[in-house]
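Remarks on the structure that follows.
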Protein chains: 4
Amino acid sequence: MPRTEEQFKELRVKKRNHIMNSALDLFAQKGFDATSISMIAKRASISKGLIYNYFNSKEELIKAIVHDGFEKFFVEFDPNKDGILTDEEFIYFIDMTFDIIQKNLQFWKLYFMVVSQPQVMKLVEEKLMEVLIPFFRIMTGFYENKGYDNPIVHARLFGAMLDGISLNFMIDPDNFPVEETKKLIIEKFI
Amino acid sequence: MPRTEEQFKELRVKKRNHIMNSALDLFAQKGFDATSISMIAKRASISKGLIYNYFNSKEELIKAIVHDGFEKFFVEFDPNKDGILTDEEFIYFIDMTFDIIQKNLQFWKLYFMVVSQPQVMKLVEEKLMEVLIPFFRIMTGFYENKGYDNPIVHARLFGAMLDGISLNFMIDPDNFPVEETKKLIIEKFI
Amino acid sequence: MPRTEEQFKELRVKKRNHIMNSALDLFAQKGFDATSISMIAKRASISKGLIYNYFNSKEELIKAIVHDGFEKFFVEFDPNKDGILTDEEFIYFIDMTFDIIQKNLQFWKLYFMVVSQPQVMKLVEEKLMEVLIPFFRIMTGFYENKGYDNPIVHARLFGAMLDGISLNFMIDPDNFPVEETKKLIIEKFI
Amino acid sequence: MPRTEEQFKELRVKKRNHIMNSALDLFAQKGFDATSISMIAKRASISKGLIYNYFNSKEELIKAIVHDGFEKFFVEFDPNKDGILTDEEFIYFIDMTFDIIQKNLQFWKLYFMVVSQPQVMKLVEEKLMEVLIPFFRIMTGFYENKGYDNPIVHARLFGAMLDGISLNFMIDPDNFPVEETKKLIIEKFI
DNA sequence: TATGAATGAGCCTTCATTCAT
DNA sequence: GATGAATGAAGGCTCATTCAT
């Protein structure tokens, strides 16, 4: 009894995700260059060759991981999709951000790795901008609506601070004072 | 008749620095793994082998670069070395920080590369802490003296923000609104 | 459709032996250090990289060769496996020894190379002892049964002489008076 | 006050010997390839360059060591230089041999290393023969005078046994039953 | 005579990628 | 779709030897 095309496709998607997750774990733990295709294959319990059935190269693989990760992040940001952030949404967003980072620690480790390694950054620059530009637009709008005279600088500082916090949180997640930091951010940036 | 010991020593120090500078350029530009010893040799206009006359391994080389860089940074921080930061010193420090980053862009690229690549981070973790711990102690003291009730969280947030700003500045130095950001930081964090 | 596990295994065993034989030839002919992985690959008509698919390092490779060789030797010694050597078995053993050396000249060259190169000896010391200790036990038993008062010294002298003969035979096999030497040994050591 | 030419020459000879001794130690301990010129220089407390002032190459150096060692051995063998060995001289020779080996353990380690490494053997083959041929001539003469019908085989077996004993002694000098072995040799080979 | 910086060839090893099965 | 043997380029590193001083 042959499977339907649908079933095949679903299987492929599942396996593809499985490979990406295995790779993400290793990339985040060891770095891009220090992770070999062999290691990924072993971790995913498949053969080396099969990886090339799903991704054309190691670079395509990390590209796919980063793209996917940002796609997910994008969906969770700006809840009602109107491009406008109210104070309540802003607070909710801060909450969400820590939540997302905590749940996807691996991915954010990868993110910083990518950002600080030019050779890898090139691969994902475009996708990154696709996410960051709307983010800055919304944040700038938020400060504009508050009537600040330099909303762009505010937005950039806020973005930078978020990067910094993520970085620090990621380096030592267990000792980071999450709740108190949230409060302080809200106090200072709203 | 051989050179005097003095002559040899001077030669070594000079050449060592030359190698470190060449390596820093490439590490910052391409990343640690993507930079080969061959490339460093070519950039420094010396033979591959000579590098190993000055550094036992590629890892030792990056270690030396990071150590050196932090040593310099350490000297410029806390101007009067009393471990106490006044408001004026704080403002001066913000100024200095941007200055230092601007002048040593390469080094700070390297710094983020190091922090976000576990395999490299291990090599310099100790030295890094040697610099960061006093920094946090002083910052915590600063907020304590201001009578805030959670000086540690303030200090961490400030540190994180500084990381984030450096990172953003570093990625796109030409379009970063330096002066306005400085003002905003002072306004928000003093 | 991939090969069956069976097919892969057979392939591996065959290729592994092929590599070991190629390596043995060269090690025996040129010495361990003077034989490069490149040379072995060329002799085996495979790529350098493939050798590392079968052996983790050059050291592992020589280790495997020595282990294998001794394993074979061990099987041919002490024919009826009772741990006791009769006069007839002793004579047979002398015969066998020359035979084995003659047939595995390469391997015995390697053996002396190994024994006299500390850095290589370390690698195979354990395996060597695994073979030599039972050999000495049996030889000591042989002289004990003859009622000699210093069977251990007899056994050692016999072993030493065998080493020496092998060494001399190996250096110039064509001019070595095999048959007459056998007779003389039997005459002197029985 | 300039030194006389004589004094210069003596100094050169002394330094040359010093280098050779340092090198011998290391060659015997680590093997020829595993010993670098740098290590020899360090052990001799001189510069790398100076070694090349005394020896044209690493190969020349080991050659000189082996030549020198055999020269010394040759002098101590056949005490009265008449080319004839009496029973007493033979016994004395056995004694001497163990003595010499014990006193020059390093050198004899080197000897076996050399013999079993074709690449090195080539370098000293000629010199070796220069010593071995007279040795065999004398030993053959010894057995001829005793009226044996195969004096050459006797001589070769004796030589081989001496090699074997030296090898075994060298591998584990502390546990070798020197005195008893001497007795046994005399008993069996005279 | 003596030094050690400098070279460059060559070594061991790794790994992304291909391909026959 | 799936396997893993096989390749080949490149990387880090060592070391005999040379040479300016």
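The sequence lines fix the lettering, A, B, ..., with proteins before strands; numbering per chain opens at 1. Bear in mind that the values here come from a model prediction, so they are computed numbers and not experimental data.
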How would you label the contact of [X] with the nucleic acid (heavy atoms, under 4.0 Å): base, sugar-phosphate, or nothing?
{"X": "A:K15", "answer": "sugar-phosphate"}
{"X": "D:R12", "answer": "sugar-phosphate"}
{"X": "A:F55", "answer": "nothing"}

Checklist outcome for this item: Going 5' to 3' through nucleotides 7-12 of chain F and flagging B where a protein heavy-atom sits under 4.0 Å of the base, S where only the sugar-phosphate is that close, and - otherwise, we get BB-BSS

Value in whole Å for how far the [atom2] atom of [N] lies from [atom1] of [X]:
{"X": "D:K42", "N": "F:dA16", "atom1": "NZ", "atom2": "P", "value": "13 Å"}
{"X": "B:I40", "N": "F:dC13", "atom1": "CD1", "atom2": "P", "value": "10 Å"}
{"X": "B:E5", "N": "E:dT3", "atom1": "CD", "atom2": "P", "value": "11 Å"}
{"X": "A:E60", "N": "E:dT17", "atom1": "CD", "atom2": "C1'", "value": "14 Å"}
{"X": "C:K14", "N": "F:dA5", "atom1": "NZ", "atom2": "C1'", "value": "15 Å"}
{"X": "B:E6", "N": "E:dG4", "atom1": "CD", "atom2": "C1'", "value": "16 Å"}
{"X": "D:Q7", "N": "E:dT1", "atom1": "CD", "atom2": "P", "value": "15 Å"}
{"X": "C:R16", "N": "F:dA5", "atom1": "CZ", "atom2": "C1'", "value": "15 Å"}

Item to check | Backbone of C:A44 reached by a side-chain donor or acceptor of C:H18 within 3.5 Å | outcome: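 Indeed, once roles are kept as given, a pair shorter than 3.5 Å links the two residues.
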
Item to check | Side chain to side chain, C:E6 and C:K9, heavy atoms closer than 4.5 Å | outcome: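 No, every pair of side-chain atoms sits at 4.5 Å or beyond.
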
Checklist entry - With under 30° as parallel and over 60° as perpendicular, where do the rings of B:F32 and B:F27 fit, or are they tilted in between? => result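 Rings of B:F32 and B:F27: tilted, as their planes differ by 30° to 60°.
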
Item to check | Pairing partner (Watson-Crick or G-U wobble, both distances under 3.5 angstrom) of F:dT3 | outcome: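 F:dT3 is paired, partner E:dA20.
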
Next on the checklist: Partner lookup for E:dT14, please. Criteria are Watson-Crick or G-U wobble with both distances under 3.5 angstrom; report none if nothing qualifies.
Outcome noted: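 F:dA9 - that is the nucleotide pairing with E:dT14, both distances being under 3.5 Å.
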
Checklist entry - Can you check side-chain contact (heavy atoms from CB on, under 4.5 Å) on D:I40 and D:I46, steps first, answer last? => result CA-CA 9 Å; D:I40 297 170; D:I46 58 170; over 6 Å; no

Item to check | Shortest non-hydrogen separation from D:D25 to D:R43 and the atoms involved | outcome: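 So the two residues come closest at OD2-NH1, 3.1 Å.
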
Item to check | F:dA2 OP1/OP2 closer than 4.0 Å to side-chain N/O of A:Y54 | outcome: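 It does, given that an N or O in the side chain of A:Y54 lies less than 4.0 Å from OP1 or OP2 of F:dA2.
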
Item to check | N-O pairing of C:K122 and C:E125 below 4.0 Å | outcome: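 Result for this pair is no, no salt bridge flagged.
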
Item to check | Upstream residue (5' side of DNA chain F) when B:N56 and D:E59 are each assigned their closest nucleotide | outcome: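 Closer to the 5' end of DNA chain F: B:N56.
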
Checklist entry - Are A:K72 and A:F107 in a cation-pi setup, meaning NZ or CZ lies under 6.0 angstrom from the ring centre and within 45 degrees of the ring axis? => result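 No, A:K72 and A:F107 do not form such a contact.
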
